[in-house]
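Everything numeric here is computed off the predicted structure, so don't read it as measured data. Counting starts at 1 for both ligands and their atoms, following the listed order.
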Amino acid sequence: MDFDLSQNQTMFRDMVRDFARKEIAPIAQEMDEQSGMPDDLIAKMRDSGFFGLAFPEQYGGLGADTVTYGLVVEELAKASAGVCVMLTVHNSVGSYPVAMFGSEDIKREYLPRMAAGEIAAFCVTEPGAGSDAAALTTTARKDGDAYILDGSKIFVTNGSRAAFFVVVARTPGTTGHRDTHAFIVPRETPGLTVGKKEDKMGLRASDTTVVDFSGAKVPAACLLGSEGDGFKIAMAALDGGRIGIAFQALGIGMACLEEAVRYAAVREQFGKPLLKQPVIGNMIADMGTELEAARLLALQAAWLKDSGRPYGKQAAMAKLASSEAAWRAADKAVQIHGGYGFCKEYPVERYYRDVRVTRIYEGTSEIQRLVIARHLGRDYV
Ligand SMILES: Cc1cc2nc3c(=O)[nH]c(=O)nc-3n(C[C@H](O)[C@H](O)[C@H](O)COP(=O)(O)OP(=O)(O)OC[C@H]3O[C@@H](n4cnc5c(N)ncnc54)[C@H](O)[C@@H]3O)c2cc1C
């Protein structure tokens, strides 16, 4: 078994690491405080090709494989989880449905624009449909060669800045997942309005909004896949998206580990550095071991996806293991910092807030366990 990264993977990771250290990390605290990210940072990321990272080269992307993409996501999350989620939603659930299920005309029309930096968002969650996404009530009524969308989506990452929205809606009067359809909807569509921005605990650099549809007319050509594929497309997008969230959690977890080790090496109590005190050393050893184990799962899921093999089970396992390990690492990092860990002067306070949502979005930890148990049931019964 070869654990070495390819030259290309190392080069991509190092390029993004360098960018993240120079351009993102120094303003991460400020972005958190101001709940946003500067336009010039977005422009620099656009110029560096970050918006086309996971896009096929034929549509203007960099064509990074999933392993490379994961390594890059980890580096971005280490610097700012908020910036990271803006890019991961764009590069995965916001664009993957178009790349995988769009007609050739739709791919040619939208993917190059997305790869060039016109931001994509993903609209599935609704007030009454979270973990149970099939309970969505937004409707898509056929009207000649168009569909009319009506309903409300919540918690839409990139809502404020997005140029395009992948939207899942259903035939009026139906229930369940069969009569659901997925569309690519441009922002300027009359009847689409971006609503309230959430005031969040963490990921404050990233915007999360309500998106309303009121008689929004979408050409039938904007249907992704076939009629009735909506739920399937959303679940396929989330399978891949979960690999990204696993690496995002790992990035935050690794930032916690690095900060905790640095702090414990210089902070002295009882006449010696905390790092030399066995209880603290044990905490650090557990953080490192759990994160490393989770990284292997995430890399395996990414490798399976790149190999064209089924990866849903490993993606769910990776997301569960990484987000839970990173959460424990954040808690320990705050504990190791003592009272200072509770203050904004130290970045672990932000990491602790940022990491929390990785156990919630793109399927909560409870839902990952349901998915994993379903797979294991199929494997062994
Ligand atoms: C910052 C942020 C960004 C987001 N971005 C997006 C986005 O871009 N697009 C999008 O569509 N959505 C997005 N979401 C929504 C996110 O995916 C949902 O919040 C998530 O799926 C959980 O749904 P819910 O909040 O409705 O919780 P609920 O489904 O109401 O769950 C509440 C609790 O009950 C548990 N639970 C529910 N059902 C079960 C069960 N059967 N067994 C055991 N436990 C269960 C859950 O695990 C959870 O702990 C985002 C959310 C946040 C917070």
Considering [options] one by one, which has a heavy atom nearer to [atom] than any of the others?
atom	options	result
atom 28 (P) of ligand 1	Gly363, Pro127, Ser131	Ser131
atom 23 (O) of ligand 1	Ala135, Gly159, Ala234, Gly130	Gly130
atom 1 (C) of ligand 1	Lys200, Gln368, Glu366	Lys200

Looking only at non-hydrogen atoms, find the nearest pair between [X] and [Y] and report the distance.
X	Y	answer
Ile284	Ala260	CD1-O, 4.3 Å
Val348	Glu259	CG1-CB, 3.8 Å
Thr68	Gln9	OG1-CG, 3.1 Å
Ala237	Phe122	CB-CE1, 4.3 Å
Lys78	Tyr351	O-OH, 4.2 Å

- Would you mind telling me which of Val72, Ile24, Leu76 makes a side-chain contact (heavy atoms from CB on, under 4.5 Å) with Cys84?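 Of all the options given, the one that passes is Leu76.
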
- Mark the output for Leu370 as yes if a heavy-atom distance to ligand 1 is under 4.0 Å, and as no if none is. yes

N or O pair under 3.5 Å between [X] and ligand 1:
X	answer
Phe155	yes
Thr208	no
Tyr361	no
Val156	no

Heavy atoms from other residues, nucleotides or ligands near [atom1] of [X] exceed 12 (cutoff 6.0 Å):
X	atom1	value
Met201	CE	no
Lys217	NZ	no
Gln335	CD	no

- Item | Under-4.0 Å heavy-atom contact between protein and atom 51 (C) of ligand 1 | yes

- Message: Can you check atom 34 (O) of ligand 1: any protein non-hydrogen atom closer than 4.0 Å?
- Response: no

Name the closest protein heavy atom to [atom], giving the residue it belongs to and the distance to 0.1 Å.
atom	result
atom 39 (C) of ligand 1	Ile367 CD1, 4.1 Å
atom 46 (C) of ligand 1	Thr364 OG1, 3.7 Å
atom 9 (N) of ligand 1	Phe122 O, 2.8 Å
atom 20 (C) of ligand 1	Ile360 O, 3.6 Å
atom 53 (C) of ligand 1	Val357 CG2, 3.6 Å

- Could you tell me whether the side chains of Asp179 and Thr171 share a donor-acceptor contact shorter than 3.5 Å? no

- Side chains of Ser95 and His90: is there a donor and an acceptor less than 3.5 Å apart? no

- Carefully, step by step, assess Tyr346 and Tyr263 under the rule ring-ring contact (aromatic ring centres under 6.0 Å, His included). CA-CA 10 Å; Tyr346 285 84; Tyr263 184 82; 5.7 Å; yes

Using a heavy-atom cut-off of under 4.0 Å, does the side chain or the backbone of [X] touch ligand 1, or both, or neither?
X	result
Thr157	both
Glu362	backbone
Thr125	both

- Atoms of ligand 1 close to Val124 [distance to a heavy atom under 4.0 angstrom, numbered from 1]: 11 (O)

